[in-house]
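In what follows, a single structure is set out as structure tokens and then discussed.
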Amino acid sequence: MRHGDPTPVSRNLNPLMHPFARARERTRALNAAKMDRMFAKPFVAALEGHIDAVEVLCRQPGSLTGLASGSWDGGIIVHNLSTRKQTMSIPQAHKGKVSGLCFSPDGGKRLLSCGVDRNIKLWAVNEDNSTPEAPLNVFPGKAAFKTESLFATASNTVQVWDETKSAPISNLTFPTSTETVTSVRFNMSESSVLASIGTDRTFTLYDIRTGKAERRVVMQVGQILVPSTPHFFSPGHCVDSQMQSNALSWSPTFPTTILLASEDHNLYTFDIRHLDSPTQIYKAHVAAVMSCDWSPTGLEFVSGGWDRTVRIWQEGKGRQPEVYHTKRMQRVTSSVFSADARFVISGSDDGNVRIWKAKASDKLGVVTARERAAMEYRDKLKDRWRIDSEVDRIARTRHLPKAVKQTAKLKTTMLEARRVKEERRRKHTRAGESKPKPEKKKLVLAEQS
């Protein structure tokens with residue numbers, strides 16, 4: 001008996017004496033699922049300060065509360081998530097939008113920013129809510145930049161920089177590439193390996209030790225199903241699309257796993273040892289996915305989309321993610337997990353940085369041991385009784401904006417029609433002729449090395 005528990009009551013554990021134990025347990029599981037939805041209030045706060053769309057977010061290493069945001073107005077703000085106040089503000093860091101932000105790996109004492117004004121700037125991070133008079137250093141370039149934590153930039157080429165030098169120390173290109181690189185990320189385990197995505201549907205792996213691109217994947221020219229819903233799309237049915245990736249993120253626990261957010265409304269995970277097909281496809285968004293970020297635990301990730309929703313996915317589970325939205329939130333351009341995996345932060349076109357709970361029904365504040373035990377018991381009940389149709393229905397139900405729900409319903413109908421068509425083609429293909437490939441096998445057009 002734990003200290004503080006009430007006086008225990010004797011129980012007869014003979015199953016013959018409890019013929020209705022299973023029925024009672026199902027009722028408890030049903031109530032647990034209902035309580036989970038009743039107390040689902042994920043929105044925590046909105047961090048204001050920007051006057052234009054928030055383009056990029058970056059969490060501060062070694063800190064649970066530090067977060068930097070960059071906007072289309074050229075401003076940079078460093079927020080404190082616990083106090084919800086600004087610790088540093090730079091109103092005119094760049095001319096034009098800020099396209100990349102990252103902290104230095106030494107605890108985030110310095111901040112690197114880049115923008116469409118073709119400059120990279122190094123700032124000292126102040127904790128007294130003061131505005132730096134000037135950056136510590138400015139690195140000029142020839143094209144608009146995006147930056148990453150070990151100081152690699154993406155423009156027409158991938159360049160590796162040193163803070164003490166004014167010119168790049170290495171240029172990484174692929175011989176046949178004509179792309180504009182839109183994002184670059186270092187592997188979190190192997191710091192000499194980095195990945196980039198480009199506008200010509202490419203995903204490329206580099207090794208800075210050899211100074212060249214090692215492998216490159218060209219994605220297929222796909223078709224986006226475009227329902228006739230004016231809220232997100234122009235009217236139409238099916239259009240050819242460049243399956244361009246808008247964001248990428250390395251898994252913090254599986255160094256060989258990388259996540260891509262694609263223009264075709266889906267997210268893909270790849271194992272870089274086998275790039276011929278994705279390991280998992282994640283489908284729920286009804287518009288282009290603009291951002292993605294892994295949880296520090298590696299068990300889930302967050303995505304933000306053009307459909308004005310934030311979605312939290314379980315790793316390996318390609319459907320039924322958690323969905324967050326508000327009436328005022330516009331298209332979500334950036335999203336990250338907090339360092340303790342308890343919160344999700346999103347930035348959108350309306351100029352707000354919003355904080356959400358990673359688990360919608362979690363209690364904020366002090367949780368006693370008995371409360372924690374009760375919560376864990378309810379979670380176990382829901383998992384055990386997920387096979388029950390009523391419990392599963394309540395656990396899966398999510399409220400969606402009307403436009404998103406109608407678009408998702410129409411898109412499901414169109415995808416089902418495409419699946420039936422391909423199944424019939426596969427069934428009636430003559431012997432010796434090539435049959436339609438499964439969806440995963442159709443995504444990668446070519447792999448180059």
Side-chain angles (χ1 to χ4, degrees), residues 46-61 63 65-81 84-104 108-126 129-132 134-141 143-155 161 181-185 246-249 261 290-293 302 304 310 329-339 344-355:
L47 308 178
E48 300 178 355
H50 291 293
I51 59 175
D52 208 335
V54 179
E55 173 70 12
V56 61
L57 297 173
C58 178
R59 63 173 178 255
Q60 188 174 9
S63 171
T65 59
L67 179 85
S69 61
S71 173
W72 279 44
D73 58 12
I76 297 173
I77 297 177
V78 179
H79 306 270
N80 187 308
L81 298 180
R84 302 170 195 171
K85 295 181 179 179
Q86 301 177 10
T87 58
M88 189 178 80
S89 176
I90 312 172
Q92 289 295 326
H94 291 271
K95 295 179 180 179
K97 76 172 182 179
V98 178
S99 55
L101 282 176
C102 67
F103 285 95
S104 59
K109 297 179 181 178
R110 298 184 306 279
L111 178 66
L112 279 162
S113 67
C114 64
V116 296
D117 59 356
R118 298 179 293 181
N119 283 327
I120 309 166
K121 297 184 179 181
L122 181 65
W123 307 89
V125 177
N126 302 320
N129 198 17
S130 61
T131 301
L136 299 176
N137 203 349
V138 178
F139 306 89
F145 284 118
K146 285 181 174 289
T147 186
E148 176 48 30
S149 56
L150 292 183
F151 207 0
T153 57
S155 56
W161 298 71
V181 182
T182 56
S183 184
V184 60
R185 291 286 184 274
N246 294 319
L248 76 160
S249 179
M290 304 304 297
S291 62
C292 60
D293 184 57
V302 61
V310 176
M329 185 166 68
Q330 298 301 309
R331 295 169 295 201
V332 182
T333 53
S334 54
S335 54
V336 295
F337 257 96
S338 64
V344 166
I345 302 96
S346 67
S348 53
D349 274 1
D350 53 71
N352 275 352
V353 176
R354 290 178 172 84
I355 306 174

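Not measured: the values here are computed from a predicted model. Only this structure's heavy atoms are used, side chains among them; waters, hydrogens and symmetry mates stay out.
Applying the side-chain contact (heavy atoms from CB on, under 4.5 Å) test to Pro91 and every residue at least two apart in sequence or in another chain returns Ser89, Thr131. Partners of Cys292 according to the side-chain contact (heavy atoms from CB on, under 4.5 Å) rule, which considers only residues two or more places apart in sequence or in another chain, are Ala247, Ser249, Leu259, Ala261, Leu267. Under the rule for a salt bridge (Lys or Arg N to Asp or Glu O under 4.0 Å), the partners of Arg110 that lie at least two apart in sequence or sit in another chain are Asp106, Glu163. Residues meeting the salt bridge (Lys or Arg N to Asp or Glu O under 4.0 Å) test with Asp73, sequence neighbours left out: none. Under the rule for a side chain to side chain donor-acceptor pair (under 3.5 Å), the partners of Asp350 that lie at least two apart in sequence or sit in another chain are Ser348, Arg354. By the side-chain contact (heavy atoms from CB on, under 4.5 Å) test, Val98 is found to be paired with Val56, Ile76, His94, Leu101, residues two or more places apart in sequence or in another chain being considered. Residues passing the side-chain contact (heavy atoms from CB on, under 4.5 Å) test with Ser338 are Asp340, Phe343, Ile345, sequence neighbours excluded.
Here the OG atom belonging to Ser291 is positioned 8.0 Å from the CG atom belonging to Leu57, to the nearest 0.5 angstrom. Annotation: the span from Lys97 atom NZ to Asp117 atom CG amounts to 12.0 Å, rounded to 0.5 Å. A distance of 9.0 Å separates CE in Met290 from CG in Asp349, rounded to the nearest 0.5 Å. Atom CG of residue Leu47 and atom CG of residue Leu67 lie 7.5 Å apart, to the nearest 0.5 angstrom. To the nearest 0.5 Å, atoms NE2 (His79) and CG (Leu81) are separated by 8.5 Å. Atom CG in Leu248 sits 6.0 Å away from atom CZ in Arg185 (nearest 0.5 Å).
Annotation: side chain of Lys109 is not in contact with side chain of Val125 (no heavy-atom distance under 4.5 Å). Using a 4.5 Å heavy-atom cutoff, the side chains of Thr182 and Asn246 are not in contact. The side-chain heavy atoms of Cys114 and Ile120, taken from C-beta on, include a pair separated by under 4.5 Å.
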Evaluate the criterion side chain to side chain contact (heavy atoms under 4.5 Å, CB included) for residue pair His50 and Trp72; output intermediate values, then yes/no.
CA-CA 9 Å; His50 291 293; Trp72 279 44; over 6 Å; no

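In this structure, the side chain of Ser71 engages the main chain of Ala53 through a donor-acceptor pair within 3.5 Å. Checking side-chain atoms of Asp293 against main-chain N and O of Val336 turns up no donor-acceptor pair under 3.5 Å. Between the side chain of Thr65 and the backbone N or O of Asn80 there is no donor-acceptor pair closer than 3.5 Å.
Contact detail for Trp123 and Ala93: the closest heavy-atom pair is CZ2-CB, 3.7 Å. Counting all heavy atoms, side chain and backbone alike, Cys58 lies closest to Phe103 at O-CE1, 3.6 Å. Scanning both residues, Arg59 and Phe337, for their nearest heavy atoms gives NH1-O, 2.6 Å. What you find for Glu48 and Asn352 is that their closest heavy atoms are CG-OD1, 3.5 Å. Minimum heavy-atom separation, Met329 to Ser346: SD-OG, 4.2 Å. Of all heavy-atom pairs spanning Gly115 and Ser99, the tightest one is CA-OG, 3.5 Å.
In the displayed structure, Ile51 atom CD1 is contacted under 6.0 Å by at most 12 heavy atoms of other residues, nucleotides or ligands.
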